[in-house]
Amino acid sequence: MIVGAGPTGSALAAGLSDAANASAARSVLLLEAGPVPATRDAVPPEVLDGTRMAAARPGHELNWSFTGTVAPGTPRPVPRGRVAGGSGAINGGVFIRGTREDFDAIAALGHHDWSYERVLPSFAAVEHDHDFPGPPHGRRGPVPVRRTFPGSACPVTEAFWEACRDLGYPWEADKNASGPPGAGPVPVNVVSGVRHGALLTHLLPRAGRPRLTVRGGVLVHRVVFAGTRAIGVEAEVDGRLRVIRAEEIVLAAGAISSARLLLRSGVGPADELAALGIPVVHDAPAVGQAVTDHPGVAVGITPVPAARPAARTGVVEAALHTVATAADAAADGRGDGDLEIMPYTAPFAELIPGGAATPPDEIAFGVTLLRTASSGAIRLASADPHAPPVITFGHLTSAVDRARLREGVRRCAEILTSAPLRRLTASYGGPPAAVLGSDRALDAWIGERVSTANHLSGGCAMGSVTDARGRVRGVTGLRVADTSILPRAPSRGTVATAVMMGEHLARSFPVPLET
Ligand SMILES: Cc1cc2nc3c(=O)[nH]c(=O)nc-3n(C[C@H](O)[C@H](O)[C@H](O)COP(=O)(O)OP(=O)(O)OC[C@H]3O[C@@H](n4cnc5c(N)ncnc54)[C@H](O)[C@@H]3O)c2cc1C
């Protein structure tokens, strides 16, 4: 049984149920709280439309619509997809791999199966790269990957590339090759405006297969144990509570809800669970801790009308990855580019209708710190399974992070005020020179705008909570399989890594079951 049909849960369910060797294949029951459309015609338009992120609006029925404390005293909406495909069904469509440094750092902790060389075949297996044939890319996987190259991009994207070149940033044509970072096209899983999330790539092609059953509208409340052996889940189906049993249970409910489910099931810090009246099955102090994410701010310009594209193929086309050196001249281990500047292709008001408070015509350039010194936590507010989690990100609590984000905003302002973009700008919405020139004023400017890039990872980290195959320590028959088992968020967007993890973990499930 797999709980959660997000990118990892869907890829894992697919990999386990159609293992090439029939004797290794499993019967998989995949449970999802949100809807699971049975045909492509039934897929909600917001899930297919990869030119917007309409379901990321707070209150949308396909969005869990959590709230989190992004930085001290700064509450922000935390969207998560509540539909087959998970957050990958409502996201920005950037399909970019974590870097060599990200995975080699996991291997250096002793989890050798997660080194870059070991995960590379799983990255390649999930994709069909339409632009770059041959290694390290895949040609036969289910996720189409494409890029928009110079000459066919939106005017703002073209000017952004030109500005980066003028400022001396190197060109990075292939951001999935883990080469030196620079400015270039971003790989996306949006083709002809259609977002190819896990529902389209992994679940619908297997509809009707005997070994895979996918059920929507099943809200799992907790794992049920006999002693310390997981034997099933308690779930709400059509308003009624049921226990659904399975030989082995995998939580793939995402970087917020897998930790939440463990806590509700009695696997977590014993004192916190006891205070909430939750019977303790296993004292695991690390559950919900060491949660990492990418803080970001948007720096905007309002382009002249002639610079608005006639048509758009996606939410973003380009990114600059570079190394933030502020307060940390050595920049050790960050040669892979831990600072991202990414122009959107349309105003937020158009990308997330009804969900943005930014000026209606302003195009945002996201400035995002992709490796942080700070971390956050996921806790339960109460034992009530319907109570939203308490999410603390811890952004801006580290002086090093603050310095590097300041550097990011300054570099972004330099790009926006350079000749190629100035030519297209009707008004500049970034910090004025007086703010840019003062660390204190810039910290305040960032503090008012800081947000999450929605790349939460950790909380059930391998090493402290699970082993390298996601098996939860201290109990049997229970695994976690999603980005919550990563010791740190990868230093890129998380969805390609999430899909790869499903593929990678499917390969590591033993036969017979070890429960
Ligand atoms: C608005 C937004 C934009 C993003 N843009 C990008 C991007 O452009 N590029 C990128 O790389 N990353 C992006 N991300 C991040 C990326 O989509 C996620 O990291 C990835 O989908 C994994 O998310 P997750 O861990 O929350 O799991 P999810 O994808 O959210 O999957 C978890 C699944 O479990 C289900 N579930 C949860 N709890 C239960 C329960 N109790 N019972 C049953 N089912 C349950 C959920 O409904 C969901 O379907 C974005 C995320 C968001 C929210």
Side-chain angles (χ1 to χ4, degrees), residues 7-8 11 50 88 91-107 114-150 152-153 157 161 164 169-191 195-198 201-202 294 313-323 334-343 366 368 370-371 453 455 457 483 486 489-504:
T8 316
N91 76 1
V94 173
F95 202 81
I96 189 166
R97 298 174 178 181
T99 65
R100 179 181 291 278
E101 284 85 346
D102 291 329
F103 294 101
D104 286 349
I106 302 177
W114 292 91
S115 71
Y116 183 69
E117 291 306 326
R118 295 270 179 93
V119 300
L120 211 44
S122 300
F123 268 125
V126 302
E127 71 175 17
H128 177 169
D129 195 308
H130 289 264
D131 301 317
F132 293 101
H137 302 289
R139 268 307 235 202
R140 286 204 286 268
V143 183
V145 178
R146 53 160 289 280
R147 300 157 188 79
T148 301
F149 289 97
S152 49
T157 304
W161 281 325
C164 289
Y169 293 107
W171 180 246
E172 186 189 13
D174 180 4
K175 288 185 174 289
N176 277 346
S178 214
V186 284
V188 296
N189 62 340
V190 177
V191 178
R195 181 190 289 108
H196 283 68
T201 58
H202 287 83
H294 301 147
T313 54
V315 170
V316 285
E317 296 171 325
L320 167 67
H321 292 99
T322 186
V323 177
R334 293 190 277 107
D336 54 348
D338 59 341
L339 182 64
E340 180 179 82
I341 301 178
M342 190 182 258
T368 307
L370 298 175
R371 201 166 286 147
H455 296 159
S457 304
T483 58
L486 295 175
S491 59
R492 294 292 184 272
T494 32
V495 79
T497 293
V499 182
M500 175 281 286
M501 290 178 74
E503 173 78 24
H504 201 58

Could you walk me through whether Phe132 and Asn176 satisfy the side chain to side chain contact (heavy atoms under 4.5 Å, CB included) test, starting with their C-alpha distance in whole Å, then the side-chain angles of each, then the deciding distance to 0.1 Å, before giving a yes or no? CA-CA 10 Å; Phe132 293 101; Asn176 277 346; over 6 Å; no
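His455 is linked by a ring-ring contact (aromatic ring centres under 6.0 Å, His included) to His294, counting only residues two or more places apart in sequence or in another chain. For Glu317, there are no salt bridge (charged side-chain N to carboxylate O under 4.0 Å, His left out) partners, not counting sequence neighbours.
Taking 4.0 Å as the cut-off between side-chain N and carboxylate O, Arg97 and Glu127 count as a salt-bridged pair.
Here His321 contributes atom NE2 and Lys175 contributes atom NZ; the two are 5.0 Å apart, rounded to the nearest 0.5 Å. Rounding to the nearest 0.5 angstrom, the gap separating the CG atom in Asp104 from the OG1 atom in Thr99 is 8.5 Å.
Of all the heavy atoms in Arg492 and Asp102, the pair that sits closest is N-OD2, 4.5 Å. Across Arg100 and Ser178, no two heavy atoms sit closer than the pair N-OG, 2.9 Å. Annotation for Val126 and Glu503: closest pair CG1-CB, 3.7 Å, computed over non-hydrogen atoms. The two residues Gly337 and Leu370 have their closest heavy-atom pair at O-CD1, 4.0 Å. Of all the heavy atoms in Thr497 and Leu486, the pair that sits closest is CG2-CD1, 4.0 Å. The minimum heavy-atom distance between Ala319 and Val186, with the atom names listed, is CB-CG1, 3.4 Å.
Asp336 contributes no side-chain N or O that, together with a main-chain N or O of Glu101, makes up a donor-acceptor pair within less than 3.5 Å. Side-chain atoms of Arg146 come within 3.5 Å of backbone N or O of Val190 as a donor-acceptor pair. Counting only distance, with no hydrogens or angles, the side chain of Trp161 and the backbone of Gly184 share a donor-acceptor pair below 3.5 Å.
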Listing, residues 135-144 side-chain donor-acceptor contacts under 3.5 Å, not counting sequence neighbours, or none:
residue : atom : partner : partner atom : Å
His137  : ND1  : Asp129  : OD2          : 3.3
His137  : NE2  : Asp174  : OD2          : 2.5
Arg139  : NH1  : Asp129  : O            : 2.7

